[in-house]
Amino acid sequence: QVQLVESGGGLVQSGDSLTLACEFFGGAFYDYTMGWFRQAPGREREFVAAIRGSGGTPYYTDSVKGRFTISRDNAKNTVYLQMNSLKPEDTAVYYCKADIIRAYGTTAYWGQGTQVTVSS
């Protein structure tokens, strides 16, 4: 069973930087596309960034392009989200997600989430 554990959240000021980490357990990490989602109070969960198992060009939602960077270290079974120039609008619970495509369909796993709060 795959398990994801996020860390690195906290309370920061507008303009600060923060790095989130998601450690992967229970499977072949390199087979999984990894992503970050976030959910603010009263809002729907939204996609933030994703990166394929072997790396390559990451995908980002428009609101974080140029500020956030997703990366992965397959030797450490960990995916990261480097967040720069943080804004109050970035305040949310950030969730790590792992996806794998098999012949019968896609299986997804979610982490427990880590809180990021950005004050103005």
Are the side chain of [X] and the backbone of [Y] linked by a donor-acceptor contact shorter than 3.5 Å?
{"X": "S85", "Y": "G15", "answer": "no"}
{"X": "E6", "Y": "Q112", "answer": "yes"}
{"X": "T78", "Y": "K76", "answer": "yes"}

Q.
Taking D90 first and then K87, would you say they form a salt bridge - that is, a charged N and a carboxylate O separated by under 4.0 Å?
A. no

Quick check: are there more than 12 heavy atoms from other residues, nucleotides or ligands sitting under 6.0 Å from [atom1] of [X]?
{"X": "R102", "atom1": "CZ", "answer": "yes"}
{"X": "Y60", "atom1": "OH", "answer": "yes"}
{"X": "E46", "atom1": "CD", "answer": "yes"}
{"X": "L11", "atom1": "CG", "answer": "yes"}

Just by distance, no angles: are the side chains of [X] and [Y] close enough, under 3.5 Å, to form a donor-acceptor pair?
{"X": "T19", "Y": "Q82", "value": "yes"}
{"X": "T33", "Y": "D99", "value": "no"}
{"X": "R52", "Y": "Y30", "value": "no"}
{"X": "T91", "Y": "E89", "value": "no"}

Q) For the ring pair F47 and W36, is the centre-to-centre distance below 6.0 Å? A) no

Q) Taking the six-membered ring where the residue is Trp, are the ring centres of Y94 and F37 under 6.0 Å apart? A) no

Q: Classify the angle between the aromatic ring planes of Y95 and W110 as parallel (below 30°), tilted (30 to 60°) or perpendicular (above 60°).
A: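 The arrangement is perpendicular - the two ring planes meet at more than 60°.
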
